[in-house]
Amino acid sequence: QVTLVESGGESVHTGDSLRLSCVFSGGSISRHGLGWFRQAPGKEREFLASIYWLSGSTRYADSVKGRFTLSRDKDKNTMYLQMNSLRPEDTAIYYCAQGSPGYYNIDPRRYVSWGQGTQVTVSS
């Protein structure tokens with residue numbers, strides 16, 4: 001398992017953009033997926049997007065498709081989440097996570113290592 005550290009969360013207004021970063025260290029994830037999730041107060045953790053590191057294949061939740069874009073910098077061991085047209089309902093703690101070998105789908109129970117999260121607050 002790797003160590004994951006998220007950053008980039010802050011307080012913004014409706015319509016603004018943010019880019020979150022997730023840096024991993026302490027191991028190889030070449031045959032693993034990395035995912036972005038979020039959790040709002042009183043709600044379950046929600047899948048947003050993921051990438052299978054070896055191939056670069058990505059998946060997105062329908063709720064964010066077209067507004068959020070996942071990218072990566074392999075040389076920096078970093079995954080990004082570009083979030084555009086932010087809305088108050090995007091307010092949550094955003095997490096990145098390492099999937100079990102070969103897994104990069106929507107079930108958070110299949111992710112074996114999690115970062116500490118970064119807070120995103122969107123006000124109207």
Side-chain angles (χ1 to χ4, degrees):
Q1 298 178 4
V2 298
T3 298
L4 302 142
V5 179
E6 305 94 336
S7 63
E10 59 181 89
S11 295
V12 296
H13 292 94
T14 300
D16 286 350
S17 297
L18 275 179
R19 189 177 78 160
L20 306 182
S21 300
C22 171
V23 180
F24 64 88
S25 61
S28 172
I29 62 160
S30 61
R31 298 189 184 279
H32 292 255
L34 286 183
W36 283 104
F37 292 79
R38 68 185 178 190
Q39 189 163 21
K43 294 190 176 182
E44 294 186 353
R45 195 160 293 191
E46 176 189 11
F47 170 82
L48 300 175
S50 62
I51 183 168
Y52 186 60
W53 202 256
L54 184 64
S55 66
S57 296
T58 56
R59 290 189 172 129
Y60 291 91
D62 288 343
S63 60
V64 301
K65 200 174 293 184
R67 286 197 305 131
F68 291 7
T69 303
L70 187 156
S71 63
R72 65 174 176 175
D73 185 330
K74 294 175 73 175
D75 292 337
K76 294 183 178 179
N77 287 353
T78 301
M79 175 177 69
Y80 303 99
L81 187 68
Q82 177 68 41
M83 306 187 295
N84 298 328
S85 302
L86 285 163
R87 309 162 180 165
E89 53 264 41
D90 294 317
T91 295
I93 300 174
Y94 284 69
Y95 299 90
C96 63
Q98 175 195 7
S100 55
Y103 189 79
Y104 68 114
N105 216 325
I106 69 172
D107 187 351
R109 297 169 298 179
R110 298 286 300 273
Y111 287 78
V112 298
S113 182
W114 294 80
Q116 83 290 347
T118 185
Q119 176 72 48
V120 173
T121 303
V122 185
S123 57
S124 56

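Keep in mind the model is a prediction, meaning the values are calculated, not measured.
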Would a 4.5 Å heavy-atom cut-off, applied to side chains only, mark Phe47 and Asn105 as touching?
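The answer is no, as the side chains (C-beta and beyond) never meet within the 4.5 Å cut-off.
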Would you call Asn77 and Ser25 a side-chain contact if the rule is heavy atoms closer than 4.5 Å?
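They are not in side-chain contact.
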Please check if the side chain of Gln116 supplies one atom and the backbone of Glu6 the other of a donor-acceptor pair under 3.5 Å.
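Side chain of Gln116 to backbone of Glu6: a pair is present.
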Any side-chain to backbone donor/acceptor pair from Gln39 onto Ala92? Under 3.5 Å, distance only.
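No, Gln39 side chain to Ala92 backbone: no donor-acceptor pair under 3.5 Å.
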Over 12 non-hydrogen atoms of neighbours within 6.0 angstrom of CD in Glu89
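More than 12 heavy atoms, drawn from other residues, nucleotides or ligands, come within 6.0 Å of this atom.
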Which pairs with one or both residues in residues 23-38 pass salt bridge (charged side-chain N to carboxylate O under 4.0 Å, His left out), sequence neighbours excluded?
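Every salt bridge (charged side-chain N to carboxylate O under 4.0 Å, His left out) pair that includes a residue of residues 23-38, provided the two are not neighbours, is Arg38-Glu46, Arg38-Asp90.
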Please report the interatomic distance [atom1]([X]) to [atom2]([Y]), rounded to the nearest 0.5 Å.
X: Arg59; Y: Ile51; atom1: CZ; atom2: CD1; answer: 12.0 Å
X: Arg109; Y: Tyr103; atom1: CZ; atom2: OH; answer: 8.5 Å
X: Arg87; Y: Thr14; atom1: CZ; atom2: OG1; answer: 10.0 Å
X: Arg19; Y: Gln82; atom1: CZ; atom2: CD; answer: 7.0 Å
X: Phe37; Y: Leu48; atom1: CZ; atom2: CG; answer: 8.0 Å

Looking at Thr78 and Ser21, what are the two nearest heavy atoms and their distance?
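Closest approach of Thr78 to Ser21, heavy atoms only: CG2-CB, 4.3 Å.
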How are the rings of Tyr95 and Trp114 set to each other: parallel, tilted or perpendicular (split at 30° and 60°)?
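Plane angle over 60°, so perpendicular.
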Hey, quick one: are Trp53 and Leu20 part of the same hydrophobic cluster, counting side-chain heavy atoms closer than 4.5 Å, chains of contacts allowed?
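Trp53 and Leu20: one cluster.
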